[in-house]
Amino acid sequence: MLKIFNHKSEIIQICHKKFSPDAIYIYYNEVKNFFVYSDNLKELIDCDLIPSKFEINNQSISHLFLTSIVPPPMTVYKNLFKIGHGIKAKLFSDGKKVKIKFCEDTTIFKNKLEKSYNDSDEEFILNKLYEEIEFKKNKKYDDLLFQSSGKDSNMIALSYSMYGRANDLTCLTYNDEEIYYAKKICNKIGVKHISLKIPHVNHVEFENNLCEYMSNLFFPNTDNAFLGYQFYNDGLLNHPFNLIDGMGNDAYIGHIPKKTEYRMQFFSNFFSKFNFLTNFTNSILINELFKKKFYWTGLVGLPLLDNKNILKNFNDESEFYENKFDNSDDYFSIRAKIRGRYVDLEKFITKLQCHCQIINSNAIFPWTNPDLINYFLDLDEKFLFDRKQLKNKLILRKILDKHLDINFDKIGKKDFKFDYWKLMSENEGFVRKEISSCSLFSNKDYLKLLIDKLFKNSYKNNLISNRSKTLLNQIFQICLWYNNSQFIKK
């Protein structure tokens with residue numbers, strides 16, 4: 001619901017929803033001296049109280065290139081703010097001028113009750129997952145669930161089959177190595193399944209489709225799987241659906257890293273002492289090796305030196321996350337506070353929200369049900385994860401093993417792997433054109449050398465080839481948005 005705050009209004013406190021992808025957006029009209037805000041982004045964009053085009057916030061753009069995300073309350077636009085997880089805002093007036101003050105909620109992970117898990121809680125968990133779908137869904141749309149061979153999405157599929165009409169749900173799986181398990185589970189619980197594929201796309205079609213798609217994109221997204229929504233199965237998802245996703249519970253159930261990441265963050269206790277060297281070299285290998293511990297949680301971006309050389313009005317935001325956790329926090333807590341709060345909510349989850357904003361679909365994240373969040377926050381850690389074995393979501397494993405007779409320990413943890421590089425490499429000319437023509441950059445000669453280097457690295461099979469691909473993709477998606485979005489004032 002759209003609301004206005006002017007100089008005559010009473011003080012208003014706007015609070016966040018814990019671990020929720022739902023946010024309140026606030027626009028400040030400097031000229032007319034009022035705030036307008038809503039929990040519905042489309043409603044805010046469409047209203048006549050705000051401009052049709054927005055000025056870019058250079059500080060946010062610096063964040064985007066350094067870490068691939070924009071941390072709330074900032075957005076990529078000037079005078080537009082996002083009140084998401086962990087953020088509170090106070091709107092007030094001095095009698096003449098309206099003002100806004102932000103503060104962070106630092107109490108989220110404190111005061112745990114350390115309750116025990118009982119087998120009878122299983123019904124509560126599964127019921128709440130389906131309840132959230134029913135509450136958020138658009139009854140006019142069909143229900144599609146992004147299903148992997150993992151625990152989160154299959155808990156949702158199970159809950160839907162138990163409390164809803166199983167035949168009303170269709171599961172979607174992309175990774176070939178996960179399709180076998182996904183189909184097996186779907187057959188067992190009686191839901192439909194579709195395997196997602198990326199068909200061959202000719203150069204003209206790729207360019208035209210993406211430019212049109214990005215013209216309607218309000219916020220940028222740097223997740224490398226974002227491009228997939230446009231091309232899966234000849235445009236299957238380019239129509240309105242209830243799109244259900246299993247993201248959203250890692251921060252409160254337990255953010256357990258992979259073994260490689262856990263080892264590297266440990267070594268960073270020593271290697272990060274040489275982080276000062278990153279001010280003098282754009283070597284990807286050196287920047288990776290000497291990065292600070294919190295960067296291992298999933299903050300990925302161009303080396304600092306590259307950003308200083310190519311971006312207009314660059315702000316060094318590389319230390320922004322330094323004070324977002326306590327000195328006493330171990331890596332599990334740091335990962336929950338950085339990856340869970342920022343990377344998950346502002347990159348991974350928002351990629352689906354961005355797609356839904358373009359297509360007018362409805363994004364649903366059942367694991368962000370408030371009752372579920374409070375339940376898991378109060379559980380004793382021993383019921384959630386095993387630190388020594390780096391084993392997560394113990395309760396979910398138990399429930400799924402009981403109902404599906406599938407041992408998720410044997411399946412193992414599988415990362416989502418979208419072959420974005422196939423699309424990028426097959427359309428290298430278009431990728432280069434979008435990047436080189438983008439007016440976010442000041443030093444085009446340096447930019448050309450950088451892009452040449454990243455492409456050269458990407459075609460090799462070495463330690464930095466995958467990171468080079470990721471960086472190219474992030475730069476491309478930012479430029480694609482900036483060059484084509486109808487919402488940007490240039």
Side-chain angles (χ1 to χ4, degrees), residues 64-65 67-69 146 148 172-179 195-211 213-214 217 220-237 258 260-261 282-285 287-288 298-303 306 343 347-348 350-352 354-355 414-438 447-484:
L64 203 54
F65 278 91
T67 63
S68 74
I69 54 178
F146 292 102
S148 67
L172 310 174
T173 311
Y174 174 74
N175 293 343
D176 286 339
E177 59 184 0
E178 298 190 271
I179 287 174
S195 299
L196 294 178
K197 303 291 180 185
I198 300 290
H200 174 72
V201 183
N202 66 54
H203 300 308
V204 175
E205 186 181 358
F206 180 80
E207 181 172 345
N208 291 341
N209 285 356
L210 275 186
C211 289
Y213 186 70
M214 291 291 178
L217 179 62
N221 188 269
T222 56
D223 190 306
N224 60 37
F226 180 55
L227 295 180
Y229 293 130
Q230 171 72 5
F231 297 105
Y232 286 133
N233 297 31
D234 295 316
L236 168 68
L237 300 182
K258 293 185 292 186
T260 302
E261 179 189 331
N282 68 345
S283 164
I284 294 175
L285 185 59
N287 276 265
E288 282 292 298
L299 299 173
V300 179
L302 275 175
D306 285 335
V343 183
K347 181 178 178 177
F348 298 153
T350 54
K351 73 173 180 290
L352 181 58
C354 286
H355 172 74
K414 299 185 186 301
D415 290 334
F416 180 79
K417 296 176 182 177
F418 171 69
D419 192 6
Y420 68 93
W421 184 245
K422 184 174 186 293
L423 291 173
M424 295 274 290
S425 59
E426 289 178 351
N427 296 276
E428 182 179 334
F430 175 59
V431 172
R432 286 179 176 273
K433 184 182 76 171
E434 284 294 309
I435 295 174
S436 63
S437 64
C438 183
L447 176 67
K448 184 181 184 305
L449 292 174
L450 172 63
I451 300 306
D452 286 344
K453 182 185 78 170
L454 291 175
F455 265 111
K456 184 178 179 180
N457 289 339
S458 297
Y459 289 117
K460 296 178 180 179
N461 185 21
N462 57 30
L463 290 172
I464 60 173
S465 59
N466 284 335
R467 176 59 80 228
S468 297
K469 292 175 185 177
T470 299
L471 294 177
L472 268 174
N473 182 71
Q474 288 182 180
I475 298 169
F476 173 57
Q477 289 188 186
I478 295 170
C479 293
L480 198 57
W481 159 77
Y482 186 80
N483 292 346
N484 294 283

Do the side chain of [X] and the main chain of [Y] share a donor and acceptor less than 3.5 angstrom apart?
X	Y	answer
N175	E177	no
S468	I464	yes
N233	I198	no
H355	L237	yes
N457	K469	no

### Query
Is there a side chain to side chain donor-acceptor pair (under 3.5 Å) between Q477 and Y420 once you walk through the steps?
CA-CA 11 Å; Q477 289 188 186; Y420 68 93; over 6 Å; no
With a 4.5 Å heavy-atom cut-off, do [X] and [Y] have their side chains touching?
X	Y	result
T222	V300	no
K197	D176	yes
F455	R432	yes
M214	Q230	no
S437	N483	yes
Y232	L172	no
L472	W421	yes

### Message
Looking at K456 and D452, is any side-chain nitrogen of the basic one under 4.0 Å from a carboxylate oxygen of the acidic one?
### Response
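Answer for the salt bridge query: no.
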#### Entry: From S68 atom OG to F348 atom CZ, the distance as rounded to the nearest 0.5 Å
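Going from OG on S68 over to CZ on F348, the span is 7.5 Å.
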### Message
Looking at K453, I want to see if its NZ is surrounded by more than 12 non-hydrogen atoms of other residues, nucleotides or ligands under 6.0 Å.
### Response
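Count over threshold, so yes.
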### Task
Verify side chain to side chain contact (heavy atoms under 4.5 Å, CB included) between L471 and D306, making sure each step is shown before the conclusion.
CA-CA 12 Å; L471 294 177; D306 285 335; over 6 Å; no
### Task
Determine the interplanar angle of the F226 and Y229 rings, folded into 0 to 90°, and report it as parallel if under 30°, tilted if 30 to 60°, perpendicular if over 60°.
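The rings of F226 and Y229 stand perpendicular, inter-plane angle above 60°.
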### Task
Assign the ring pair Y174 / F418 to parallel, tilted or perpendicular, where the plane angle (0 to 90°) is split at 30° and 60°.
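Judged by the thresholds at 30° and 60°, the geometry between Y174 and F418 is tilted.
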### Task
Identify which one of I478, L210, L480, N427 satisfies the side-chain contact (heavy atoms from CB on, under 4.5 Å) criterion when paired with E434.
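By the side-chain contact (heavy atoms from CB on, under 4.5 Å) criterion, E434 pairs with just one of I478, L210, L480, N427: L480.
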